[in-house]
Amino acid sequence: MVAIAAASTIMLASCNNSRSGSDQQAEIEDILEKNTVTVTENAITDTLLTIGRAQMRFAEVSRIFQIDSTEQFYLSVRAIVPADQSKITDRLYHRLLGYYKELGDTFADAPAAASTPVGLARALDDMGRQFRRYVQPYAADTITAGFMMNADMRPVYGTDRYLTYAVYDDYYTGGAHGEIDTYFTTFDIATGEQYTFGTLFSKEGQKAIRSKIVEIIAKDKGQTVDGYLKSLNEFLMPAEPVGVDDFPVYHVGITSMGVVFTYPKYTIAAGFEGCPSYVIPLDEVSSYLSL
C-alpha cells in the first residue's frame with residue numbers, strides 16, 4: 001500500500017561562491033552524495049520546494065524492493081518530482097530506466113512513460129517486480145555477496161525557467177567492487193527538455209568553455225595545461241590524443257555556484273578520485289548561455 005504523508009516544506013540547497021576550490025568540491029559532494037537516502041518504505045509524500053521566489057508542489061516517490069531480510073539484495077529508488085503531470089518526471093524515469101538497462105535485460109519490459117508521481121510509482125513497482133524475478137534465483141547461491149541498486153533524484157536549485165536535479169546512482173552486482181555515478185542535470189520547466197552541453201552553450205561558447213575546464217583541472221592538479229593533457233593521455237591511452245578542443249564533457253548542470261561539470265569514474269581520472277566535479281561561475285559563461 002502507498003502511504004500519502006502530510007505535506008512538508010524543505011528549502012533547496014544554497015551555495016557560497018566565495019569558497020575555495022577544495023571547499024567547493026566538498027560542498028558539491030555533500031549535495032550529491034551525503035543528502036541521498038536508502039528508502040525504507042514505499043510512499044508518495046507531498047512536498048513544497050522554494051524555486052526562486054516561488055513555492056512549487058512536488059511529490060517524493062519512494063520505492064524499496066527487498067529480496068530477503070539480509071539487506072544485501074535490494075533496489076532502492078527515491079525521486080522528488082513535480083506534483084502535477086510533467087515531462088521532467090518522464091525524463092527522470094527514462095534516465096533511470098536507461099541506466100538500469102545498461103546492466104542487462106532485467107527491465108526490458110518496463111512501461112514506456114511515467115509523467116505523474118502516481119504513474120512513476122506504478123512504473124517503479126513494475127521495475128521492482130522485474131528486479132525480484134531477475135535476482136531471486138541467484139540470491140541464495142550465486143551472488144552471495146549481495147546485489148544492490150540505489151537511485152536518488154532530487155531538485156537542488158532552480159528558477160521560474162529551469163530546475164536542476166542532483167542525481168545519484170550506485171550499484172553492486174557481485175563483482176570486486178561497486179560503481180557510482182553522481183552529477184547535476186538541468187531541465188527546462190515548461191518543456192521538460194534536459195539541457196546538455198550542446199544545448200546550453202553556443203558553438204563558440206563550447207570551445208571557450210572546454211578551454212576553461214582544462215585550465216581549471218590543470219590548476220587544481222598543480223600542472224600546466226600541456227602537462228595535464230600529457231598525463232591525461234598517458235592515463236587514457238586513446239587512439240587519438242585528447243586536446244583542448246575535443247576535451248570530453250559528460251554531465252553539466254546549473255547551480256548557484258555556477259555551471260558544474262561532473263565526470264563519471266575513470267573517464268578523466270583514476271577510480272580513487274571518484275566522480276570529479278569542476279565549477280565555472282555563471283558570470284564567466286553568461287554570454288554563452290542559451291537560457
Side-chain angles (χ1 to χ4, degrees), residues 10 12-15 24-39 47 49 51 56 58-64 75-82 86-103 107 110 114-115 117 120-121 123-124 127 148-159 162-172 178-189 192-200 248-268 273-279:
I10 61 177
L12 297 183
S14 61
C15 305
Q24 197 171 62
Q25 178 65 30
E27 183 161 9
I28 290 172
E29 293 173 357
D30 283 345
I31 296 170
L32 288 174
E33 298 185 38
K34 293 185 179 180
N35 291 324
T36 62
V37 300
T38 298
V39 174
T47 301
L49 298 180
I51 306 297
M56 291 180 59
F58 286 79
E60 181 175 322
V61 180
S62 302
R63 285 295 185 269
I64 178 72
L75 168 64
S76 168
V77 180
R78 178 180 71 159
I80 300 176
V81 297
S86 171
K87 291 183 179 179
I88 292 178
T89 303
D90 194 47
R91 297 272 185 174
L92 290 169
Y93 166 65
H94 277 89
R95 192 219 60 80
L96 177 67
L97 187 59
Y99 171 74
Y100 285 140
K101 280 184 175 180
E102 291 178 4
L103 303 179
F107 308 114
S115 58
L120 176 61
L124 294 178
M127 182 182 290
M148 297 152 303
M149 297 181 177
N150 295 277
D152 193 299
M153 301 177 288
R154 63 198 191 284
V156 293
Y157 183 73
T159 69
Y162 60 84
L163 190 62
T164 296
Y165 270 76
V167 176
Y168 174 92
D169 285 314
D170 76 64
Y171 65 90
Y172 176 78
E179 296 295 340
I180 183 173
D181 195 13
T182 181
Y183 56 91
F184 296 107
T185 187
T186 299
F187 297 92
D188 182 286
I189 289 178
E193 176 189 1
Q194 181 177 356
Y195 288 104
T196 65
F197 186 59
T199 58
L200 269 177
V249 175
Y250 288 86
H251 305 303
V252 54
I254 300 174
T255 74
S256 58
M257 288 179 286
V259 183
V260 181
F261 298 85
T262 304
Y263 290 83
K265 285 177 67 174
Y266 311 112
T267 53
I268 63 168
E273 294 191 39
C275 303
S277 295
Y278 302 95
V279 181

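These values consider heavy atoms only, across backbone and side chains, with no hydrogens, waters or symmetry-generated copies. Worth saying up front: this structure is predicted, and the values here are computed from it rather than measured.
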Sub-4.5 Å side-chain heavy-atom contact between [X] and [Y]:
X: V279; Y: V259; value: no
X: Y165; Y: R91; value: no
X: V167; Y: T182; value: no
X: T199; Y: E193; value: yes
X: T164; Y: P155; value: no

Looking at [X] and [Y], what are the two nearest heavy atoms and their distance?
X: G274; Y: K265; result: O-CG, 3.2 Å
X: V37; Y: D152; result: N-OD2, 3.1 Å
X: F58; Y: P82; result: CD2-N, 3.5 Å
X: V39; Y: S62; result: CG1-CB, 3.7 Å
X: F197; Y: V252; result: N-CG1, 3.6 Å
X: I88; Y: G192; result: CG1-CA, 3.9 Å

Taking the six-membered ring for Trp and the full ring for Phe, Tyr or His, determine whether the centres of F187 and Y195 are under 6.0 Å apart. no
F261 ring center within less than 6.0 Å of Y278 ring center: no
Separation between [atom1] of [X] and [atom2] of [Y], rounded to the nearest 0.5 Å:
X: H251; Y: S277; atom1: NE2; atom2: OG; result: 9.5 Å
X: I51; Y: T159; atom1: CD1; atom2: OG1; result: 8.5 Å
X: D169; Y: R95; atom1: CG; atom2: CZ; result: 4.5 Å
X: Q194; Y: T186; atom1: CD; atom2: OG1; result: 8.5 Å
X: I80; Y: T47; atom1: CD1; atom2: OG1; result: 6.0 Å
X: I254; Y: Y162; atom1: CD1; atom2: OH; result: 4.5 Å

Evaluate R78 against M153 for side chain to side chain contact (heavy atoms under 4.5 Å, CB included), listing each step before the verdict. CA-CA 6 Å; R78 178 180 71 159; M153 301 177 288; over 6 Å; no
Classify the side-chain pair T89/S115 by whether it contains a donor and acceptor separated by less than 3.5 Å. no
Between F184 and V156, is a side chain to side chain contact (heavy atoms under 4.5 Å, CB included) present by the stated rule, with each step listed? CA-CA 9 Å; F184 296 107; V156 293; 3.7 Å; yes
Evaluate whether atom NZ of K87 has more than 12 neighbouring non-hydrogen atoms of other residues, nucleotides or ligands under 6.0 angstrom away. no
Trace of the side chain to side chain donor-acceptor pair (under 3.5 Å) decision for D181 with Y183: CA-CA 7 Å; D181 195 13; Y183 56 91; 5.2 Å; no
Starting from the C-alpha separation in whole Å, work towards a yes-or-no answer on side chain to side chain contact (heavy atoms under 4.5 Å, CB included) for Y168 and I180. CA-CA 8 Å; Y168 174 92; I180 183 173; 3.4 Å; yes
Test item: Y263 side-chain N/O and P248 main-chain N/O as donor-acceptor pair under 3.5 Å: yes
